[in-house]
Amino acid sequence: MILELRKGINKRGVPFAAQTIKHQVVLIRRLFNLAMVWELYSGENPATGKKIKMPKVDNVVTEMLTEQELKRLLSTLENYHDLQTANLVKFALFTGLRRGEIFNLKWEDVDLENGWVDIKDSKGGKSQVIPLNKLALEVLRKHPQTEGSPYIFPGRNGKKRKEFKTAWKTIKKLANLPSNFRFHGLRHTYGSFLASSGEVDLYTLQRLLTHKGPAMTQRYAHLTEERLRKGSAVIEKVIEKVMGNLKTPMKNKNNSKTLSNS
């Protein structure tokens with residue numbers, strides 16, 4: 001059964017995604033390990049061994065909004081009925097922070113006077129302090145504090161927020177965004193626009209996105225490379241201009257003839 005699952009095709013003949021196969025094999029492996037601990041099963045774990053090879057999963061997904069989509073989203077947020085929700089989305093877009101990092105944020109983590117935010121227990125493995133731009137600061141300065149809650153964007157009863165699916169689905173529909181555009185795509189939009197600006201190098205982008213290493217930041221490398229290509233092309237215009245001047249006939253006074261010298 002496990003080998004059939006690993007082939008990646010279900011009973012209907014439809015191929016499974018690599019990530020789905022991986023999740024299912026891992027689950028089966030854990031269940032057998034648990035059964036052995038409880039002495040409900042003896043023998044080797046059938047979900048391990050050389051025959052069971054995990055599929056390679058390509059997790060590099062870079063989705064971003066176009067300028068028109070971004071314009072529609074911002075317009076929707078400006079008129080959205082729930083200020084807490086609208087500000088959460090704005091803050092995600094203006095900072096590139098992960099959803100979990102935003103849910104964890106407390107008022108004690110931000111320095112509104114100096115413009116810093118302390119990202120505690122980030123995915124990168126350790127707390128990191130990053131600067132807040134004017135747009136992000138404006139959101140926080142105008143954002144109402146929920147009485148009795150330490151969280152900036154709390155959930156029900158002022159407790160830590162746990163989900164954002166329903167609100168995000170509504171906002172996407174109002175802004176006419178692709179239905180499959182994830183909330184995490186706001187982070188990719190932030191990173192992509194910074195990378196393509198030509199003003200932010202990959203190391204700086206790595207720090208702003210709190211990536212543990214440069215590997216994850218490399219997904220934006222092609223955007224900076226395009227800027228480099230355009231920059232190097234500037235010499236073409238310079239050379240073409242010089243060559244154009246060389247082709248223009250130049251008058252030499254020494255070679256000019258007069259009637260008196262003939």
- Query: For L194, does its backbone N or O pair with a side-chain atom of S197 as donor and acceptor, under 3.5 Å?
  - Reply: yes
- Message: Below 30° counts as parallel, above 60° as perpendicular, anything between as tilted: where do the rings of F164 and F183 land?
- Response: perpendicular
- Message: Would you say I171 ends up clustered with L135 if hydrophobic residues are merged whenever their side chains have heavy atoms under 4.5 Å apart, either directly or through other cluster members?
- Response: yes
- Above 12 or not: heavy atoms from other molecules or residues under 6.0 Å from CD of E113? no
- Message: Once ring pair (Phe, Tyr, Trp, His ring centres under 6.0 Å) is applied, do any residues pair with F94, and if so which ones, sequence neighbours excluded?
- Response: none
- Message: Just verifying a value: how many Å separate Y220 OH and M64 CE, rounded to the nearest 0.5 Å?
- Response: 9.5 Å
- How far does CG of L97 sit from CD1 of I102, to the nearest 0.5 angstrom? 5.0 Å
- Query: Considering all heavy atoms of both residues, which atom of W107 and which atom of L140 are nearest to each other, and what is their separation?
  - Reply: CH2-O, 3.7 Å
- Item | side-chain contact (heavy atoms from CB on, under 4.5 Å) partners of S42, counting only residues at least two apart | none
- What's the spacing between S192 OG and L205 CG if we round to 0.5 Å? 8.5 Å
- Query: Looking only at atom types and distance, does a side-chain atom of E69 sit under 3.5 Å from a main-chain N or O of T66, one as donor and one as acceptor?
  - Reply: yes
- Query: Hey, what do you get for CD1 (I152) to CD (Q84), rounding to the nearest 0.5 Å?
  - Reply: 10.0 Å
- Query: Sub-3.5 Å donor-acceptor pair from the side chain of T146 to the main-chain atoms of S149, do we have one?
  - Reply: no
- Item | Counterpart residues, side-chain contact (heavy atoms from CB on, under 4.5 Å), relative to T204 (two or more places apart) | V200, D201, L208
- Message: Between S75 (side chain only) and K71 (backbone N and O only), is there a donor and an acceptor less than 3.5 Å apart?
- Response: no
- To the nearest 0.5 angstrom, please state how far the NE2 atom of H188 sits from the CZ atom of R182. 5.0 Å
- Item | Listed partners of K172 passing side-chain contact (heavy atoms from CB on, under 4.5 Å), at least two apart | W168, L177, F181
- Query: Do NZ/NE/NH1/NH2 and the carboxylate oxygens of K142 and E138 come within less than 4.0 Å?
  - Reply: yes
- Using modelled atom types only, decide if a donor and an acceptor are shared between the side chain of N104 and the backbone of E101 within a distance under 3.5 Å. no
- Do L70 and L93 have side chains that get closer than 4.5 Å, going by heavy atoms? yes
- Ring-ring centroid check H143 F153, cutoff 6.0 Å: yes
- Are V117 and L112 linked, directly or through other ILVMFWY residues, by side chains that come within less than 4.5 angstrom of each other? yes
- Task: Identify the heavy atoms of Q206 and T217 that sit nearest to each other, and give their distance.
- Result: CB-OG1, 3.4 Å
- Message: Tell me whether R141 at atom CZ has more than 12 heavy atoms from other residues, nucleotides or ligands lying less than 6.0 Å away.
- Response: yes
- Hey, is CD on E163 packed in by over 12 heavy atoms from elsewhere, all under 6.0 Å? yes
- Message: Quick check for you: to the nearest 0.5 Å, what is the distance between D118 atom CG and D111 atom CG?
- Response: 10.5 Å
- Task: Compare every heavy atom of N87 with every heavy atom of P144, then report the nearest pair and how far apart it is.
- Result: CD-ND2, 4.4 Å
- Quick one: ring pair (Phe, Tyr, Trp, His ring centres under 6.0 Å) pairs with a partner in residues 67-89, sequence neighbours left out? none
- Query: Can the positive tip of K160 be found less than 6.0 Å from the middle of the six-membered ring of Y151, inside 45° of the ring normal?
  - Reply: no
- Message: With a 3.5 Å distance limit and no angle check, can you tell me whether T189 reaches the backbone of L65 through a side-chain donor-acceptor pair?
- Response: yes
- Task: May I have the step-by-step check of side chain to side chain contact (heavy atoms under 4.5 Å, CB included) for Q128 and K212, ending in yes or no?
- Result: CA-CA 10 Å; Q128 300 190 51; K212 189 174 182 179; over 6 Å; no
- Sequence neighbours excluded, which residues qualify as side-chain contact (heavy atoms from CB on, under 4.5 Å) partners of R187? R98, H184, L209, T210, H211
